[in-house]
Amino acid sequence: MDFKKFKYVSLILGVLITLLLAGCGDKEEGTDSESGSTDSNGEVDYSEAVDYTIIGIEPGAGISVTTEAAIEEYDSLQGWNVELSSTGAMMTELDNAIRNEEPIVITGWNPHWMFAAHPDMKYLDDPLEIYGGEESIHSMSRRGFEEEQPEAYKMIEQFEWNVEDMEEIMYEAEETGDDINQIAAQWVEDNEDRVSAWSEGVEDVDGVEVELVSTPWDSERASSGVLKAAMEQKGFDVSVTEVDVAIVFESLATGDADATLAAWLPITHREFYETYQDDIVDMGPNLVGAKIGLVVPEYMDIDSIEDLNPNN
Ligand code: PBE
């Protein structure tokens with residue numbers, strides 16, 4: 001074979017090999033990230049398809065801590081990890097996955113608008129009850145707050161509402177993009193009958209300051225927003241400071257803040273609460289029927305955390 005011909009043939013071969021490899025690469029990627037490879041029964045391996053990764057939210061959230069515990073406890077989650085970034089980033093990944101009908105496992109909860117945006121989702125069964133059953137959102141105060149500010153304490157203690165109320169405000173904020181505090185204040189105007197029950201027997205005050213601490217999620221922006229507006233009608237001067245969950249509990253224990261409406265129990269914030277419970281007053285639930293867990297789109301043909309596969 002002369003040199004020219006050899007060069008020509010190897011060029012063609014090179015191109016062919018490159019095309020072949022690129023083709024394989026594509027195919028493999030398609031199988032992994034879009035539909036998952038299939039196991040010996042011909043079923044889709046969702047665990048491999050999602051790269052053994054749960055899409056989570058902020059590292060400081062209770063549900064992030066709980067998900068680390070789930071990964072420890074479930075055999076089916078051995079070798080998995082949870083991608084922690086932000087609620088917004090998780091919602092974007094969820095939107096993309098659902099648009100393309102790709103598998104995804106997220107940390108989900110109610111009250112939130114994620115189920116209004118994507119009604120075709122389900123909580124995975126949790127036989128080990130790592131995420132618990134029903135959660136309640138509690139109000140809590142620093143020690144001595146009741147004695148020092150009985151009117152404020154009473155109003156916070158009497159504050160209670162339900163999942164539908166909270167979600168109504170959350171949806172509106174999400175849909176309109178308007179400031180959730182303004183929507184909450186409007187809700188207080190529109191629901192005088194509800195609000196009057198919270199201030200029953202509470203004397204009007206003149207500028208008594210109340211420092212609420214809260215967490216950076218819309219659920220708690222909604223509750224703090226409505227109670228702030230309702231308390232200001234009675235003459236209180238209410239500030240709301242958003243901090244990490246751990247700091248909510250710590251600042252109540254040290255007395256740096258007066259109260260919070262943001263404590264999810266018995267599971268979500270258990271670790272934080274247990275650390276500080278001797279120095280904090282639990283004022284009881286302001287909302288019942290909340291929930292946390294692992295959530296997947298309906299088109300994924302699994303029902304339980306135990307239907308996932310470890311990364312061996
Ligand atoms: N959440 C919403 C929070 C509490 C409110 C469930 C994302 C969490 O700490 O996990």
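First listed ligand is number 1; within each ligand, the first listed atom is number 1. Quick note: residue numbers are just sequence positions, from 1.
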Checking side chain to side chain contact (heavy atoms under 4.5 Å, CB included) for the pair Val240/Glu220: CA distance, chi angles, key distance, verdict? CA-CA 10 Å; Val240 181; Glu220 280 58 45; over 6 Å; no
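- Note: Tyr276 OH to Glu250 CD = 4.0 Å, rounded to the nearest 0.5 Å.
- Of the charged side-chain nitrogens involved, none lies within less than 4.0 Å of a carboxylate oxygen, so that Arg142 and Asp256 do not count as a salt-bridged pair.
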For ligand 1, list all ligand N or O to protein N or O distances below 3.5 Å, rounded to 0.1 Å.
residue  : atom   : partner : partner atom : Å
ligand 1 : 9 (O)  : Gly62   : N            : 2.7
ligand 1 : 9 (O)  : His269  : NE2          : 2.7
ligand 1 : 10 (O) : Gly62   : N            : 3.2
ligand 1 : 10 (O) : Ile63   : N            : 2.9

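- Between Lys154 and Glu200, no side-chain nitrogen of the basic residue sits less than 4.0 Å from a carboxylate oxygen of the acidic one, so the salt-bridge criterion is not met.
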Run the side chain to side chain contact (heavy atoms under 4.5 Å, CB included) check on Val296 and Met121 step by step: do they pass? CA-CA 6 Å; Val296 300; Met121 297 200 297; over 6 Å; no
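- Under a cutoff of 6.0 Å and an axis angle of 45°, Lys291 and Tyr131 do not form a cation-pi pair.
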